[in-house]
Structure formats: structure tokens, C-alpha cells
Number of protein chains: 2
Amino acid sequence: MSRSNSGYHHGNLAESLERAAMELLETHSAADLSLREVARTAGVSHNAPYHHFSGKNDLLKTLAERSMAELVASQRRSLEGVDPNEHLRSMLADYVRFAVARPHLFAAIYDPTICVPGQPTPAMAVLIAEEEQLLSDTARDARPELPDTRAFAAAAWGLAHGLAQLAQVGHLPQQAVDAAIDAFVVR
Amino acid sequence: MSRSNSGYHHGNLAESLERAAMELLETHSAADLSLREVARTAGVSHNAPYHHFSGKNDLLKTLAERSMAELVASQRRSLEGVDPNEHLRSMLADYVRFAVARPHLFAAIYDPTICVPGQPTPAMAVLIAEEEQLLSDTARDARPELPDTRAFAAAAWGLAHGLAQLAQVGHLPQQAVDAAIDAFVVR
DNA sequence: ACGTCATGCTTGGCACTGTCAAGATAGTTG
DNA sequence: CAACTATCTTGACAGTGCCAAGCATGACGT
């Protein structure tokens with residue numbers, strides 16, 4: 001895990017902690033995640049994290065940013081189709097896929113107790129703006145005739161976000177999600 | 001708050017606790033809600049709740065059911081328009097309004113740590129089915145020509161749910177939500 | 001080579017939480 | 001009035017986030 005493990009002076013604890021927390025977030029929710037357990041799995045004392053993060057929320061904020069960056073990158077990658085409608089469809093499907101695959105990380109991104117609502121981290125603000133731009137561009141290409149592209153893009157984001165939540169909870173199976181996206185994109 | 005307050009034997013603690021928790025959920029999230037604080041605001045000892053609920057989650061489950069019932073009732077009420085499109089629009093707007101007005105209660109309804117995913121309370125299952133039917137009927141009236149009403153209804157639910165989340169977080173102002181709903185309903 | 005020192009991690013402690021166990025009290029029934 | 005049960009209490013335990021203080025370690029000036 002770490003390069004030099006000679007009792008004290010771990011080497012790069014910050015990264016080890018992030019890694020450990022990332023793993024734990026695959027089974028625990030952000031609220032259920034214990035900073036002490038993160039420290040334990042990283043093999044350090046319960047207070048070591050405080051020398052690298054100002055607290056539990058700070059660590060979570062870092063992970064949320066990391067995750068959002070991954071999501072945006074994934075969204076950018078799913079733009080490589082040809083048909084604009086297919087662009088939009090695959091982007092939305094990809095959004096839902098990400099949320100279902102990493103439910104707790106996805107939740108952390110939008111968790112008001114981590115990034116206070118309307119008070120996003122600078123880095124997070126940039127990422128959200130990127131995502132918005134990505135969606136807006138895709139929406140414009142798919143519906144060039146619409147006067148208000150922003151509204152359509154907002155609807156697309158809302159749709160993807162909501163389907164993601166409903167799918168996470170087990171209310172919508174994968175196939176229903178795809179059908180719903182189709183119903184939104186196709187006309 | 002209670003009828004007979006003679007030291008012991010509160011009278012109707014269960015309801016008082018629910019009321020207290022309901023109030024606290026206006027400022028605290030479900031995870032941040034302390035059962036002990038609920039007991040405190042109800043004026044009883046920290047262990048009294050355990051004689052009426054099996055634990056914190058049980059109380060939250062009850063509140064989530066209560067809230068979902070309220071939401072469904074509200075949705076049913078917003079069906080009183082005339083134009084089918086207007087039906088749909090007002091239903092979606094109402095869904096978002098509810099979520100924004102009571103963010104923590106709304107979150108509790110879909111919180112996997114309260115109602116385990118795919119394991120809803122019987123009462124909750126009924127309410128969800130009702131909501132689904134309500135949306136499905138409205139969707140059919142608004143788009144009778146569509147072959148797959150279920151997919152369109154699922155999209156509508158997803159849209160409302162996602163817009164609600166994004167609005168809660170402060171990402172979408174009210175007017176953007178309305179515009180997005182319009183973009184979805186109108187064609 | 002050696003003392004000095006800041007960095008990074010540790011132990012210890014505090015107030016808080018959810019939950020279990022056992023005791024006290026009050027209304028009910030014989 | 002005695003026994004009983006429902007209801008609420010106090011007490012305890014393990015766990016949490018976080019603050020304060022102490023100790024090990026490697027770097028640096030001399």
C-alpha cells in the first residue's frame with residue numbers, strides 16, 4: 001500500500017486514506033462511513049487522518065470531486081457516436097450506469113451535508129459547469145429546432161438523475177431505464 | 001403536547017415522538033437526526049422511544065410512510081385540471097414542490113438505509129404502486145398515441161425525481177424546473 | 001558527527017450517538 | 001388490597017467525530 005512502512009511516517013497517507021475510503025464507500029454510505037475505520041484499514045491510528053484532512057467531510061469532499069471528475073470524463077467519452085440522438089441517449093444511459101455502479105460515491109457528489117447546497121468547492125463548480133456544457137451541447141445537436149436548449153438540457157439532466165435514483169433503489173430495472181430514456185429522446 | 005403529563009405514563013408518546021421527529025426533520029437530515037434528541041424534545045428519557053418503536057430506523061420508516069402518503073394525496077389533488085397535458089405538468093411540478101419543501105422527508109422516502117432497497121414496507125409498497133398508477137394514468141391521457149405508456153410514465157417519474165434533487169441542491173432555480181417540465185410535456 | 005527542529009503519527013480524552021439490561025412507577029384487574 | 005402489566009427511568013457499553021498533548025523520525029545547520 002505505502003512505500004515506506006517503518007512504523008511512523010507512512011509515506012503518502014493522504015492517498016492511502018483516499019483509497020481506503022473509496023473502497024469502503026463501495027459497501028457503506030457516506031454517512032455510515034467511519035473515519036476511524038478508514039484509518040484502521042489504512043493501518044494508522046484513529047487520528048492520523050486529521051493531519052491530512054480537516055475532518056471527515058473534507059475527505060468526503062475530496063472523494064466527491066474525484067468521482068465527479070470520473071463521471072464527467074465518462075460522459076465525454078460517450079460522446080463518440082455519430083447520430084446526435086444516439087449521443088444524447090448514450091450520455092444519459094452512461095450517467096445512470098455510473099450512478100448504479102457507484103451509488104454511494106454518486107450520492108456523495110450531490111450530498112448537501114458534504115458540499116453545502118449552493119456552496120460547491122471551486123473544483124466541483126468547474127466540474128458541474130463542464131457537465132452542464134456537455135449536456136447542453138448534446139441537447140442542442142439533438143434538437144437544433146428548439147428555442148430553449150437550456151430547458152431541454154435541464155430536463156435531460158433531471159431525467160438521468162431521477163432515473164439513476166429510482167434504479168438505485170431498485171424501483172426501475174435496467175430495461176425500464178433504457179425504455180424511459182428512449183421515450184425521452186425519440187419522437 | 002400530551003394529554004396526561006404526570007411524570008411517567010405520558011399518554012400517547014408514540015404520536016408525540018413522531019411529531020417531534022417530523023419537526024426535527026425540517027432542519028436535520030434523517031442520518032443527522034438523533035433519536036435521543038427526539039426523546040428530549042418530546043420531554044422523555046432517551047430510552048422511552050424503544051417502547052414504541054423498535055429503533056431509530058423503525059421511527060423513520062413510519063415517518064417515510066406518512067410522508068409518502070401525503071405526497072400521493074397531493075399528487076391526486078393536482079389531478080383536478082382539465083387539459084391532460086396540464087394534468088401531467090401540474091403533477092410533476094407538485095412532485096418537485098413537495099421535495100423542495102420537505103427535502104429530508106422526501107429523502108427518507110427513498111433512503112435505502114431506511115427502507116432497504118427492494119424491501120419496502122407493505123404500506124410503502126402500496127403507496128408506491130398508487131403513485132405509479134397515478135402517473136401512468138396521467139401519462140396515458142396526455143399521450144394516448146404512444147405504444148409504451150409505461151416507459152413514458154417512468155420517464156416522467158424520473159424527470160420529476162431528478163429535477164427535485166437538482167432543485168434541492170440549489171442547482172436549478174424554480175423557473176428552470178418549470179421550463180424543464182415544459183420542455184418535457186410540450187411538443 | 002551532533003544537537004535542533006518541524007513533520008507526521010500516536011495515545012488519551014470528551015461529548016455525543018444507538019441500543020441493551022435492569023429498576024422504578026402507575027394504572028388495571030383479581 | 002395484592003398482583004400484574006404497560007410504560008417510562010436510570011445505567012452501561014461500544015462506537016463515533018474531533019481536540020489536545022506527547023513521541024518518533026528524518027532533515028538541516030553548524
Chemist: Give a yes/no answer on whether the side chain of B/His52 brings an N or O atom under 4.0 Å of OP1 or OP2 in D/dA6.
Modeler: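 No.
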Chemist: Please state how far atom CG in A/Leu35 lies from atom C1' in D/dC18, giving the value in whole angstrom units.
Modeler: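 About 9 Å, once rounded to whole Å.
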Chemist: Between A/Arg19 and A/Asn12, is there a side-chain donor-acceptor contact under 3.5 Å, judged purely by atom types and distance?
Modeler: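 No donor-acceptor contact under 3.5 Å links the two side chains.
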Chemist: What is the distance, rounded to the nearest whole Å, between atom NZ of A/Lys61 and atom P of D/dG17?
Modeler: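 In whole Å, D/dG17 P and A/Lys61 NZ are 16 Å from each other.
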Chemist: Do B/Arg89 and B/Glu86 sit within salt-bridge range, that is, some charged N less than 4.0 Å from a carboxylate O?
Modeler: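 Yes.
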Chemist: Once you round it to whole Å, what is the distance between P of C/dG18 and CG of B/Asp58?
Modeler: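 About 14 Å, once rounded to whole Å.
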Chemist: If each of A/His51 and A/Arg36 is mapped to the nucleotide of DNA chain C with the nearest heavy atom, which maps nearer the 5' terminus, i.e. the 5' end?
Modeler: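 It is A/His51, whose closest nucleotide lies nearer the 5' terminus.
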Chemist: Quick check for you: among C/dT11, D/dC8, D/dG17, whose closest atom lies nearest to any side-chain atom of A/Tyr50?
Modeler: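 Looking only at heavy atoms from C-beta outward on A/Tyr50, the closest nucleotide is D/dG17.
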Chemist: If you only use heavy atoms from C-beta on, which nucleotide in C/dT10, C/dA21, D/dC18 is closest to the side chain of B/Asn47?
Modeler: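 Between C/dT10, C/dA21, D/dC18, the one nearest the side chain of B/Asn47 would be C/dA21.
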Chemist: Going by atom types only, do B/Glu23 and B/Thr41 share a side-chain donor-acceptor pair under 3.5 Å?
Modeler: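 B/Glu23 vs B/Thr41: no donor-acceptor pair found between side chains.
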Chemist: Mind checking if B/Ser34 touches a base, just sugar-phosphate, or nothing, with heavy atoms under 4.0 Å?
Modeler: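 Sugar-phosphate: the residue B/Ser34, judged by heavy atoms under 4.0 Å, touches backbone atoms but no base.
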Chemist: Is it true that A/Thr113 and A/Asp111 share a donor-acceptor pair across their side chains at a distance under 3.5 Å?
Modeler: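 Per modelled atom types, A/Asp111 and A/Thr113 side chains form a pair under 3.5 Å.
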Chemist: Taking NZ from B/Lys56 and C1' from C/dC16, how many angstroms apart are they, rounded to a whole number?
Modeler: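 That distance rounds to 12 Å.
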Chemist: Can A/Tyr95 be reached from A/Ile181 by stepping across I, L, V, M, F, W or Y side chains whose heavy atoms are under 4.5 Å apart?
Modeler: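 Per the 4.5 Å side-chain linkage, A/Ile181 and A/Tyr95 are co-clustered.
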Chemist: Among D/dC18, D/dC8, C/dT17, which nucleotide has an atom closest to any side-chain atom of B/Ala48?
Modeler: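 Minimum distance to the B/Ala48 side chain belongs to D/dC8.
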Chemist: Which whole-number value in Å describes the distance from A/Asp32 CG to C/dT17 P?
Modeler: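 After rounding, the reported distance stands at 17 Å.
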Chemist: Once you round it to whole Å, what is the distance between P of D/dG17 and CD1 of A/Ile114?
Modeler: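 Rounding to the nearest Å, CD1 of A/Ile114 and P of D/dG17 are 13 Å apart.
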Chemist: So what does B/Leu59 touch, heavy atoms closer than 4.0 Å: a base, only the sugar-phosphate, or nothing?
Modeler: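 Result for B/Leu59 = nothing.
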Chemist: Both B/Glu37 and A/His46 contact DNA chain C. Which one's nearest nucleotide lies toward the 5' end?
Modeler: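 So the residue in question is A/His46.
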Chemist: What is the separation between atom CZ on B/Arg40 and atom C1' on D/dC8, rounded to the nearest whole Å?
Modeler: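 B/Arg40 atom CZ is separated from D/dC8 atom C1' by 17 Å.
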Chemist: What is the distance, rounded to the nearest whole Å, between atom CZ of A/Phe53 and atom C1' of D/dC18?
Modeler: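 After rounding, the gap between these two atoms is 16 Å.
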